[in-house]
Asks: 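Quick one: the structure is below, and I'll ask about it shortly.
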Amino acid sequence: MLQLLHRWIWRDPERRARKLLTFAETEADGGRDLVRAAELTEDPTLRRLFTVHAADEERHAQLFRTRGAALLHSLKGRSSTPFELNWVSPGERGLDDLRVHAESDAGLLAFLHLSEKAAAGHFATYVDALKDDPPTSSVFSQVLKDENFHMNYTLAQLTRVAPERHSLLLWKARLSRLWKAYLRAASAIAGVMGTVILTLQYFILLPPFALLAKHTERREPQGWVPVPPENKRKLESQY
Ligand SMILES: [Fe+2]
Ligand SMILES: [Fe+2]
């Protein structure tokens, strides 16, 4: 069922191109955060791994950008589906939420491990959903190999730097991801509610004012109106 939904989401070529370009931005942004993480850590092994990881994310950004741009250029007309539906089929979403300064090495590794695991799961689904577009499917296959490596090295390093606390840190990171998912859903619902309430206000509250304005307009004299001489005008009046 979910596979069918993903196939439908990726079927529209314009949506496919736009999603790839959005994914490229997330990957590039994550790459920059990982460079910062490499600068901040005092652990030489982590510094090396974060640098390799950052280069991987930059390469993913390049792959998504190139394929997205090629798809966009090959389009003959514009489609009627502007929505990317990234809340159903996201990119490497966890990289969006990286807070490199606020986390310890172990906390960052736990968060990265869960994000990479989720991304690997999503990208494996997209490889299959995009079977009819082999070049795009192959982009996801290439990226998936790296995501699996990211998922594995982050867990191995987490177990090394926090051997006793690693499961606790993973649970903490899981709860933090859950909270962020709730916030994303709540702000989406608030957006829909805001649109509905403002539309209702427009159609229910504005018409009486429009009618009142029309009624007042009818009572106004038409054309030029004689102005009383200077000495008969009230002092507090503007005219
Ligand atoms: Fe990536
Ligand atoms: Fe990754």
Side-chain angles (χ1 to χ4, degrees), residues 6 9-10 16-41 43 45-71 84-100 102-103 105-130 133 135-161 166 169-170 173-174 176-177 180-181 184:
H6 283 297
I9 289 173
W10 286 97
R16 199 183 312 154
R18 294 202 178 282
K19 280 175 82 65
L20 291 174
L21 294 177
T22 307
F23 286 11
E25 275 176 39
T26 312
E27 301 273 342
D29 198 31
R32 285 190 288 272
D33 284 335
L34 282 156
V35 170
R36 188 72 191 123
E39 284 172 350
L40 290 174
T41 185
D43 184 315
T45 309
L46 285 185
R47 185 171 305 125
R48 193 170 52 82
L49 284 164
F50 285 156
T51 310
V52 171
H53 190 161
D56 285 347
E57 301 302 358
E58 183 47 43
R59 197 174 56 255
H60 299 169
Q62 198 64 42
L63 282 166
F64 284 137
R65 202 176 298 124
T66 310
R67 183 61 197 144
L71 267 172
E84 292 179 22
L85 298 173
N86 285 334
W87 53 281
V88 191
S89 58
E92 202 165 357
R93 186 188 274 152
L95 294 184
D96 257 354
D97 299 330
L98 268 189
R99 289 169 63 214
V100 174
E103 299 282 358
D105 281 349
L108 185 63
L109 284 166
F111 188 81
L112 277 172
H113 170 67
L114 295 179
S115 304
E116 300 291 339
K117 195 175 170 184
H122 285 127
F123 291 172
T125 315
Y126 306 158
V127 171
D128 207 42
L130 284 159
D133 177 358
T136 311
S137 183
S138 121
V139 164
F140 278 108
S141 306
Q142 290 175 57
V143 171
L144 180 59
K145 276 186 212 143
D146 293 336
E147 304 306 1
N148 281 328
F149 163 65
H150 299 161
M151 178 179 83
N152 294 331
Y153 98 78
T154 43
L155 184 61
Q157 290 303 314
L158 174 62
T159 320
R160 178 181 68 86
V161 298
H166 75 276
L169 286 163
L170 281 172
R174 258 181 217 119
S176 150
R177 277 172 62 84
K180 280 173 186 157
R184 265 197 298 272

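All ligand and atom numbering here is 1-based and tracks the order in the structure.
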Asks: Just checking: H150, one of its N/O/S atoms, less than 2.8 Å away from the Fe ion (ligand 2), yes or no?
Replies: yes
Asks: Which atom, counting only N, O or S, brings E27 closest to the Fe ion (ligand 1)?
Replies: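 In E27, the N, O or S atom with the shortest distance to the Fe ion (ligand 1) is OE1.
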Asks: Tell me whether E57 has at least one N, O or S atom under 2.8 Å from the Fe ion (ligand 2).
Replies: yes
Asks: Around atom CD of E39, are there more than 12 heavy atoms of other residues, nucleotides or ligands at under 6.0 Å?
Replies: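 Above 12, so yes.
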Asks: Is there a donor-acceptor pair under 3.5 Å between the side chain of R47 and the backbone N or O of A38?
Replies: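 At least one qualifying donor-acceptor pair exists.
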Asks: Which atom name would you report as the N, O or S atom of E147 nearest the Fe ion (ligand 2)?
Replies: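 Closest N, O or S atom of E147 to the Fe ion (ligand 2): OE1.
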Asks: So, Q157 versus R160: side-chain donor-acceptor pair below 3.5 Å or not?
Replies: yes
Asks: Considering only N, O or S atoms, which atom of H60 is nearest to the Fe ion (ligand 1)?
Replies: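 That would be atom ND1.
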Asks: Could you confirm whether E116 has any N/O/S atom lying under 2.8 Å from the Fe ion (ligand 2)?
Replies: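 Checking the Fe ion (ligand 2) against E116, an N, O or S atom does fall under 2.8 Å.
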Asks: Assess whether atom CZ of R48 is packed by more than 12 heavy atoms of other residues, nucleotides or ligands within 6.0 Å.
Replies: no
Asks: Assign the ring pair F64 / F140 to parallel, tilted or perpendicular, where the plane angle (0 to 90°) is split at 30° and 60°.
Replies: tilted
Asks: Regarding D146, does it place an N, O or S atom less than 2.8 Å from the Fe ion (ligand 2)?
Replies: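 Of the N, O and S atoms in D146, none lies under 2.8 Å from the Fe ion (ligand 2), which means no.
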Asks: So, using side-chain contact (heavy atoms from CB on, under 4.5 Å) as the criterion, who are the partners of L114 when residues are at least two apart?
Replies: L170, A173, R174, R177
